[in-house]
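Data first, discussion second: the structure below is written as structure tokens.
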Protein chains: 2
Amino acid sequence: MRFTEQKMISILRHRGYRLTPQRRAVLRVIASSHDHLTPAAIYERARQKYPDIGLVTVYRALEVLGKLGLICEMHTGGDCRSYLMRRPSGHHHHLICSGCGEVIDFADCDLSSLEQRLTQKTGFKIEGHLLEFFGRCRNCQRVDSA
Amino acid sequence: MRFTEQKMISILRHRGYRLTPQRRAVLRVIASSHDHLTPAAIYERARQKYPDIGLVTVYRALEVLGKLGLICEMHTGGDCRSYLMRRPSGHHHHLICSGCGEVIDFADCDLSSLEQRLTQKTGFKIEGHLLEFFGRCRNCQRVDSA
DNA sequence: CAGTAACTGAAAACCATTTTCATTTATATT
DNA sequence: AATATAAATGAAAATGGTTTTCAGTTACTG
Ligand SMILES: [Mn+2]
Ligand SMILES: [Mn+2]
Ligand SMILES: [Zn+2]
Ligand SMILES: [Zn+2]
């Protein structure tokens, strides 16, 4: 389940943000892509709908969408350029292929018992977590062993 | 349990790397700090032992230490400037206070059943994971509610 | 229709990290 | 100890993603 473009627009406006053609273009790109996209990639695609859009504006749109909880970031372990991405509407995590970059979303993380233990031991009030798995997809495993 | 400076030196040399005073300085900083340090912070401290060291050299030393598995990186969820840090000698994770930045290491993550499930569902061969918790430490909770 | 705050784009600034390259140095070999 | 040499260093410049600045434009309210 994911937010539709319409749903995103209504959330945006409901929160007092203006609906500009630039934001519309960014929204459309995000809503219609099945991949996790970098800001630069979103920029490239948005330009097809709206050639005069600036990269700055894409960054600003992503910032707003982030605040609204409509996108989230992906953290690769490596050199960690934080990748912005489209987002299924709920909490989820990633399984990332270190070979080809393929990303699989998954949502069923159960860390609650671990969280409890940590809270007990440290007194921290835990508010969130970041969890990403790295590995090789089927294809890359095949190539590896060839 | 953590590596001693001596242990780190012996690993370094055993792998054919030269032992320079600069690397010695970086190693000493890392081995003697109880905190997670940024490259810049390591640079500042290393200069006290070895005033002529360059920041570039710190980066290069950290790269080598990374290859040798003597340090690892910390990923904050936020704007994700990857922080290099000192490392207890084994696999571990972080519990990070979003208020004051305090970091607590912990090692007992059991994600194997989740990993198995993912492997079965996706065919991925999972090689590693990134797990960080965010929350508020006792102090910051107190300040929050004041 | 205004009136106004929100929004935009170009350019410049930022800033952590990397690259380049000429010089120095740690180490192995005589 | 002197020598040879590949590895390591530091200054400076380059990179590249992201943010800031600022003057002009525009979406919305009334
Ligand atoms: Mn995702
Ligand atoms: Mn740690
Ligand atoms: Zn792959
Ligand atoms: Zn705190």
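Chain letters run A, B, ... following the sequence lines, proteins first, then strands; residues in each count from 1.
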[X] [atom1] - [N] [atom2] separation (whole Å):
{"X": "A:Y59", "N": "D:dT21", "atom1": "OH", "atom2": "P", "answer": "18 Å"}
{"X": "A:L12", "N": "C:dC7", "atom1": "CG", "atom2": "P", "answer": "8 Å"}
{"X": "A:Y83", "N": "D:dG17", "atom1": "OH", "atom2": "P", "answer": "9 Å"}
{"X": "B:Y50", "N": "D:dT9", "atom1": "OH", "atom2": "C1'", "answer": "9 Å"}
{"X": "B:R13", "N": "D:dA6", "atom1": "CZ", "atom2": "C1'", "answer": "15 Å"}
{"X": "B:R47", "N": "D:dG10", "atom1": "CZ", "atom2": "P", "answer": "11 Å"}
{"X": "B:E44", "N": "C:dA16", "atom1": "CD", "atom2": "P", "answer": "12 Å"}
{"X": "A:L55", "N": "C:dA13", "atom1": "CG", "atom2": "P", "answer": "18 Å"}

Looking only at the side chain of [X] (C-beta and beyond, no hydrogens), which of the listed nucleotides [options] gets closest?
{"X": "B:Q22", "options": "C:dC7, D:dG10, D:dG17", "result": "D:dG10"}
{"X": "A:T20", "options": "D:dT20, C:dC7, D:dT9", "result": "C:dC7"}
{"X": "A:S82", "options": "D:dT18, D:dA6, C:dT8", "result": "D:dT18"}
{"X": "B:I53", "options": "D:dC28, D:dG10, D:dA6", "result": "D:dG10"}
{"X": "A:Y17", "options": "D:dT9, C:dC7, D:dA12", "result": "C:dC7"}
{"X": "B:L19", "options": "C:dT27, C:dC7, D:dA8", "result": "C:dT27"}

Report which part of the nucleic acid A:R24 touches: base, sugar-phosphate, or nothing (heavy-atom distance under 4.0 Å, all strands).
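A:R24: no heavy atom of the nucleic acid under 4.0 Å.
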Show your working on side chain to side chain contact (heavy atoms under 4.5 Å, CB included) between B:V64 and B:K67 and close with a plain yes or no.
CA-CA 5 Å; B:V64 170; B:K67 274 187 200 155; 5.6 Å; no
With hydrogens left out and only the distance checked, is there a donor-acceptor pair under 3.5 Å joining B:R60's side chain and the base of D:dG10?
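Indeed there is one.
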Polar pair under 3.5 Å, donor/acceptor by atom type, side chain B:R23, base D:dA8:
no
Please report the interatomic distance CG(B:D105) to NE2(B:H93), rounded to the nearest 0.5 Å.
10.5 Å
Can you tell me if B:R18 touches the phosphate of C:dA28, counting only side-chain N or O atoms and a distance under 4.0 Å to OP1 or OP2?
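Indeed not, no polar side-chain atom of B:R18 lies that close.
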With a 4.5 Å cut-off on side-chain heavy atoms, are A:N139 and A:C100 touching?
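Of all side-chain heavy-atom pairs linking A:N139 with A:C100, none is under 4.5 Å.
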Could you check if a side-chain atom of A:L12 sits within less than 4.5 angstrom of a side-chain atom of A:M8, using non-hydrogen atoms only?
no
Start with the C-alpha distance between B:E5 and B:S32, add both sets of side-chain angles, then the distance that settles side chain to side chain contact (heavy atoms under 4.5 Å, CB included), and finish with yes or no.
CA-CA 8 Å; B:E5 191 180 335; B:S32 66; over 6 Å; no
